Amino acid sequence: MTAASKNSVYPFDRKLLARMTGALGDTKTIGKLCSEIGQVFAEFLPDIFQNETGLDIEIGYAGFDMGVKSELIARLGNGVALCDTSLRNWCPELVLSCDSPVIITLMEILLGAPPTTIDEPKPRTLSNIELDVASMVFEKIADVLKSAVSAAGGFEPSVGRPYNATERPAPDPEIADVFAACINVTMGLGPVLSTFSIIVPQQVLLKTTVVFPKGVGQARKAKGAWGEQLEQQIRRSAVNLEARIQLQSLTLDTISRLQPGDVIPFQDAKDVRVEINANGRDLYVCELGRSGARYTVRIKDTHGSESDILHHLMS
């Protein structure tokens, strides 16, 4: 090769090459695929979380981003947990991401904190225990993703151990960075609205046919109808109630010597407080009364609203 011919050799445009080989798509095509995957998440992930944790979590598609994989991950910031994932016969390497505030909030709720008492936490690195909670979240995300893509063989996703974004090693400069798409989905829990993301190579995404499982748009309606039917059945059902009255405290020695005919006074001297419960749950606060030959209780207060009481009885 002559010096002149060497000088006439130019590097091939990377984006053009990627587009020609199916590794880079146009915004409209990628956006449509991301939106369809986001819709599957919005439909199914709330029910999965509800069944697994008993929590109502709001899920919604929040758009997408395009670029090379390392840059997309960097844009997520340091206050996120990451998880390296693969799904055989679909994608050998994708990354799941989730904002740390929703993980922190979920852990507090699982430890018993009412959602209404939790202040929205600031993004930060997660502890090992919080990363264990994140692992559960990523597993559910991967399960829904599996149902949304048409991967042959029915293989289960391989979900790695979550880690903080600050712990992700720098990309190897010897390995070419792939063009990817970042699918963003919001996750609302209590006072927190966070985002989880799926970073997947565009070459994989462009070959994907998004599957809307049977019942999309009908599952929640059917579940709601079933719930209403069950609630009506509960309303018509007979429920055994128990009354609990606080008695005067006695020493262990006195209790051990009680005999038939002995009398134990109530703790309350005037209005005797009676707690009514069913299925182990307190429902009403009552006072003791009498109607003819029968002792009765009169309701003075309730433990929650009518819907709360029905929920207790149905759970």
Side-chain angles (χ1 to χ4, degrees), residues 14-16 18-46 48-49 57-87 90-103 123 134 137-151 157 159 162 165 168 171 176-189 192-213 216-217:
R14 185 186 174 198
K15 287 188 175 181
L16 179 57
R19 195 175 297 277
M20 292 174 61
T21 57
L24 178 62
D26 61 87
T27 303
K28 182 178 179 181
T29 302
I30 296 296
K32 181 176 183 295
L33 290 165
C34 291
S35 175
E36 290 176 349
I37 292 175
Q39 289 174 36
V40 176
F41 274 100
E43 183 66 35
F44 285 96
L45 196 56
I48 291 177
F49 271 111
I57 297 181
E58 297 294 329
I59 302 294
Y61 175 59
F64 70 103
D65 198 3
M66 298 171 62
V68 293
K69 180 179 175 182
S70 61
E71 291 179 1
L72 290 175
I73 295 174
R75 290 176 202 169
L76 298 172
N78 291 330
V80 301
L82 301 174
C83 180
D84 297 322
T85 307
S86 65
L87 178 56
W90 183 65
C91 183
E93 187 177 345
L94 64 140
V95 177
L96 305 180
S97 165
C98 187
D99 290 345
S100 58
V102 73
I103 302 297
V137 174
F138 285 130
E139 287 174 0
K140 304 312 171 192
I141 293 172
D143 286 342
V144 175
L145 182 62
K146 174 197 169 186
S147 71
V149 299
S150 55
V159 181
R168 184 173 178 83
D177 213 347
V178 299
F179 289 101
C182 180
I183 307 168
N184 300 309
V185 182
T186 57
M187 177 185 293
L189 175 61
V192 176
L193 182 63
S194 289
T195 301
F196 69 83
S197 304
I198 304 151
I199 300 95
V200 57
Q202 291 188 36
Q203 188 169 35
V204 171
L205 199 58
L206 289 167
K207 297 178 181 178
T208 299
T209 301
V210 180
V211 178
F212 289 86
V216 169

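Note that the structure is a prediction, hence the values are computed from the model and not measured. Below, each value reflects all heavy atoms present in this structure, side chains not excepted, and no hydrogens, waters or symmetry copies. When a residue number appears, it is its place in the shown sequence, counting from 1.
- Ring to ring, F196 and F138 are not that close: their centroids are 6.0 angstrom or more apart.
- Atom CD1 of I37 sits about 5.0 Å away from atom CG of L205, to the nearest 0.5 Å.
- With sequence neighbours left out, T85 forms a side-chain hydrogen bond (donor to acceptor under 3.5 Å, both in side chains) with no residue at all.
- Side-chain atoms of V178 and Q203, non-hydrogen and from C-beta on, never get closer than 4.5 Å to each other.
- One distance of note links OG1 of T209 with CG of L33; it measures 8.5 Å at 0.5 Å rounding.
- At least one side-chain heavy atom of V137 sits less than 4.5 Å from a side-chain heavy atom of F49.
- Applying the salt bridge (Lys or Arg N to Asp or Glu O under 4.0 Å) rule to D143 yields no partners; only residues at least two apart in sequence or on another chain are considered.
- Side-chain contact check for F41 versus I198: some heavy-atom pair is nearer than 4.5 Å.
- Closest non-hydrogen pair, L87 versus A151, comes out as CD2-CB, 4.2 Å.
- Going from atom CG of L72 over to atom SG of C182 covers 5.5 Å, rounded to the nearest 0.5 Å.
- Scanning for side-chain contact (heavy atoms from CB on, under 4.5 Å) contacts around T27 gives F64, M66, with sequence neighbours left out.
- Looking at S147 and V40, their side chains come closer than 4.5 Å, going by heavy atoms from C-beta outward.
- Not counting sequence neighbours, K207 has no partner by the salt bridge (Lys or Arg N to Asp or Glu O under 4.0 Å) test.
- Atom CZ of residue R168 and atom CG of residue L82 lie 6.0 Å apart, to the nearest 0.5 angstrom.
- Within the structure, every pair that satisfies the salt bridge (Lys or Arg N to Asp or Glu O under 4.0 Å) test and touches residues 72-82, not counting sequence neighbours, is listed here: D65-R75, E71-R75.
- Contact annotation: the side chain of P201 never approaches that of F179 to less than 4.5 Å [non-hydrogen atoms, C-beta and beyond].
- Checked for salt-bridge contact, D26 and K32 miss the test: no charged N lies under 4.0 Å from a carboxylate O.
- In this structure, E36 and F212 have side chains that are in contact, with non-hydrogen atoms separated by less than 4.5 Å.
- No donor-acceptor pair closer than 3.5 Å links the side chain of Q202 to the backbone N or O of A181.
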Taking only distance into account, with no hydrogens and no angle test, what donor-acceptor pairs under 3.5 Å do side-chain atoms of residues 92-102 form with protein atoms, sequence neighbours excluded?
| residue | atom | partner | partner atom | Å |
| --- | --- | --- | --- | --- |
| E93 | OE2 | K69 | NZ | 3.0 |
| D99 | OD2 | T195 | N | 2.9 |
| S100 | OG | G79 | O | 2.9 |
| S100 | OG | R124 | N | 3.0 |
| S100 | OG | R124 | O | 3.1 |

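- Here the closest non-hydrogen pair linking P157 and A142 is CG-O, 3.5 Å.
- Heavy-atom minimum distance, P46 versus I59: CG-CG1, 3.6 Å.
- For the pair Y61 and T186, the minimum side-chain heavy-atom distance is 4.5 Å or more.
- You'll find the side chain of L76 reaches within 4.5 Å of the side chain of I199, heavy atoms only.
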